Every structure is written in structure tokens, then in C-alpha cells.
S.K.: 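Input: one structure, supplied below.
Just so you know, these numbers come straight off a predicted model, no measurement behind them.
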Amino acid sequence: MSIKLTLVIDDHPLYCDAMAGSLSTAFEIQEVRTVNSLTEALDALVDGLVPDLVMLDLRLPDVTGLSGFIKLREKLPDVPILVISADSCDQTIQALMDAGAAGFIPKDAPRTVIAEALERVKFGSKYTPPGFSPVTRPREVNAPGLHEISQRIADLTPQQTRIMNLICAGKPNKQIAYEMSLAEATVKAHITALLRRLGVCNRTQAAVLVNSVDLDRHDTLSDSNTRAMLS
């Protein structure tokens, strides 16, 4: 395949700019568009952007777990999506590959790894990083997997997602109603609907479910490391 237009989605400005620069120069991608959130990416698609390749950071401010990838996959079923993340555990990589990712690139990977991933995507293959070793772990019967949980979260409405984030932050209904300028009865109705969508019975179960796929956001790259990685 020919990669003429690449969409880079990353909320780290320096990394986003450095990646765009590398794609344009070292990897000779004709056009690179950058956005800093999933919302911006989806808006760009609505406005008619049709990328040949998407490079997606899992850790976006408006995304929980794999839900951002799943939403993009639904909008761009035929476009390869290379996922970039500092969370390179086998479980996350396997869930992404099972969900249809074109590949996974650790965020601290050198430029040679990015080049290899791009080369494989061009020829219709998939890329997983060295050392990736999927492990099949037994789980409770009927217990939802990472991909299924992420799909449920992705199916929440924007209003429900915001309420879910406030629930995970430990906010009571009264506080949620105040922060969202809603009647408390309206908040309760939203919570009832989102619990049903998530397939849980109460707020505690919902928070546990969401936290089980919420990637650790504390392991971020420094600006100097970002420059070195893409130089």
C-alpha cells in the first residue's frame, strides 16, 4: 500500500511534532496531520479527512483504556492503525492486535523500530515489538476480557463517559449534578443507563470495571527522551 497521508494522534505536543517531522523527512510520508485528542481526530474525519495510516497514542485525555482505538477502528475499518504507548505489557498488545491493530510501537522505541513497523504496514503485514510474548491466562467463566470491556466503554455516550469519570473520581451524585449543571434525577437516570451498558449492578462495580482497563498515565516520556528517540 502507498502511505501518502498519515494522521498522528498524541496529546504530548513535543512527541507529536517530533513524530510528524520524522515521518515527513526520514520516512518520506507526503503529508502528516496531527491532533491532540480523540475528539479532534473524530472531528477531522467528519470534516472529510481520509488518512492512509493512523498513528495513535493510547493515552489521550478523552480516552479510557482501548476505547479510543475501538472508536477509530469503527470509523476507519480499512485504514491501518499503529498504536503507540508506554504501556507495552503483553496483555495490552494482545488485546489491541485481537481488536485489529496494524501494530504496536513502544513509546520509547528507536527510529529503526518505527521504520520496520511502517515497512510491514506498507506490505500489509502487522508489527509487534521484540519481546512480545502473548500469554493465555485463565479467567473466570463469563468474565469480560479487556477488549470487551473497552467496547462497552466506547459505547457510552459523551455525557455518560463524563459521569463515569466523575464516579471513578469518587464524586457523589449531588456533586456530579453540580459539576455538570444537571438535575440530580437526570444524573441518576444517566447512571442507570450507563450501568446497564457496562453490564454491572452498581457504581462500585462500574468503577472497578473501568479502572481495570485504564492505562497507567504516570509513566510518561520526558521532552529530552522524546527528542533522543526520534533523532
Side-chain angles (χ1 to χ4, degrees), residues 9-12 35-47 49 54 56-77 81 83 85-87 89 91-92 94-96 98-101 137-220:
I9 310 171
D10 194 302
D11 69 328
H12 191 288
V35 294
N36 301 123
S37 69
L38 179 68
T39 301
E40 289 182 44
L42 295 177
D43 287 345
L45 297 180
V46 170
D47 290 340
L49 181 69
V54 175
L56 169 70
D57 180 10
L58 277 185
R59 299 174 176 179
L60 297 173
D62 52 351
V63 164
T64 297
L66 276 61
S67 62
F69 170 82
I70 291 171
K71 288 181 179 179
L72 277 177
R73 194 82 189 123
E74 290 173 347
K75 296 291 184 181
L76 300 168
I81 302 175
V83 176
S85 178
D87 174 19
C89 73
Q91 182 187 20
T92 298
Q94 187 63 56
L96 285 163
D98 290 345
R137 298 178 180 174
R139 58 185 177 88
E140 296 179 18
V141 177
N142 298 325
L146 184 60
H147 177 239
E148 183 181 346
I149 296 171
S150 297
Q151 181 67 64
R152 294 180 189 179
I153 295 170
D155 289 340
L156 296 177
T157 67
Q159 192 88 310
Q160 290 171 346
T161 299
R162 187 178 174 196
I163 290 175
M164 188 66 251
N165 288 336
L166 292 171
I167 288 174
C168 290
K171 301 292 180 68
N173 290 358
K174 187 174 182 179
Q175 184 66 29
I176 294 173
Y178 173 77
E179 292 193 18
M180 297 187 65
S181 300
L182 297 173
E184 193 168 348
T186 302
V187 169
K188 289 179 179 179
H190 278 303
I191 291 176
T192 298
L194 74 84
L195 293 179
R196 187 179 302 114
R197 287 201 179 196
L198 292 176
V200 296
C201 299
N202 54 52
R203 292 163 53 108
T204 300
Q205 290 178 352
V208 169
L209 190 73
V210 171
N211 287 333
S212 72
V213 298
D214 195 11
L215 302 176
D216 179 11
R217 295 174 181 271
H218 299 294
D219 181 20
T220 56

S.K.: Report the distance from atom CG of Asp62 to atom OG of Ser67, rounding to the nearest 0.5 Å.
M.R.: 8.5 Å
S.K.: Under the side-chain contact (heavy atoms from CB on, under 4.5 Å) rule, collect the residues that match up with Ala101, sequence neighbours excluded.
M.R.: Phe69, Val83, Leu96, Met97
S.K.: Please give me the minimum heavy-atom distance between Arg59 and Ala86, naming the atom from each residue.
M.R.: NH1-CB, 3.3 Å
S.K.: I need the full list of side-chain hydrogen bond (donor to acceptor under 3.5 Å, both in side chains) pairs touching residues 163-180, with sequence neighbours left out, sorted by first then second residue.
M.R.: Lys171-Glu179, Asn173-Arg203, Gln175-Glu179
S.K.: Only one of Asp57, Asp11, Leu60, Asp43 forms a side-chain contact (heavy atoms from CB on, under 4.5 Å) with Leu38, so which one is it?
M.R.: Leu60
S.K.: Please tell me if the side chains of Gln159 and Leu182 come closer than 4.5 Å, counting only heavy atoms from C-beta onward.
M.R.: yes
S.K.: Before giving the answer on side chain to side chain contact (heavy atoms under 4.5 Å, CB included), spell out for Met180 and Leu166 the whole-Å C-alpha distance, their side-chain angles and the decisive distance to 0.1 Å.
M.R.: CA-CA 10 Å; Met180 297 187 65; Leu166 292 171; 4.0 Å; yes
S.K.: What verdict does the side chain to side chain contact (heavy atoms under 4.5 Å, CB included) test give for Leu42 and Leu72, after you've listed the backbone C-alpha separation in whole Å, the side-chain angles of each residue and the deciding distance to 0.1 Å?
M.R.: CA-CA 8 Å; Leu42 295 177; Leu72 277 177; 4.2 Å; yes
S.K.: With Leu58 as reference, evaluate Thr92, Ile9, Asp10 under the side-chain contact (heavy atoms from CB on, under 4.5 Å) test and give the passing residue.
M.R.: Thr92
S.K.: Would you check if Asn36 and His12 make a side-chain contact, meaning some heavy-atom pair closer than 4.5 Å?
M.R.: no
S.K.: Sub-3.5 Å donor-acceptor pair from the side chain of Thr161 to the main-chain atoms of Thr157, do we have one?
M.R.: yes
S.K.: Closest approach of Ile70 and Ala154, non-hydrogen atoms and distance?
M.R.: CG2-CB, 4.1 Å
S.K.: Closest heavy-atom contact between Arg152 and Gly199?
M.R.: NH1-CA, 4.1 Å
S.K.: Tell me which donor-acceptor pairs under 3.5 Å the side chains of residues 184-198 have, and how far apart each pair is, sequence neighbours excluded?
M.R.:
{"residue": "Thr192", "atom": "OG1", "partner": "Lys188", "partner atom": "O", "Å": "3.0"}
{"residue": "Arg197", "atom": "NH1", "partner": "Asp155", "partner atom": "O", "Å": "2.1"}

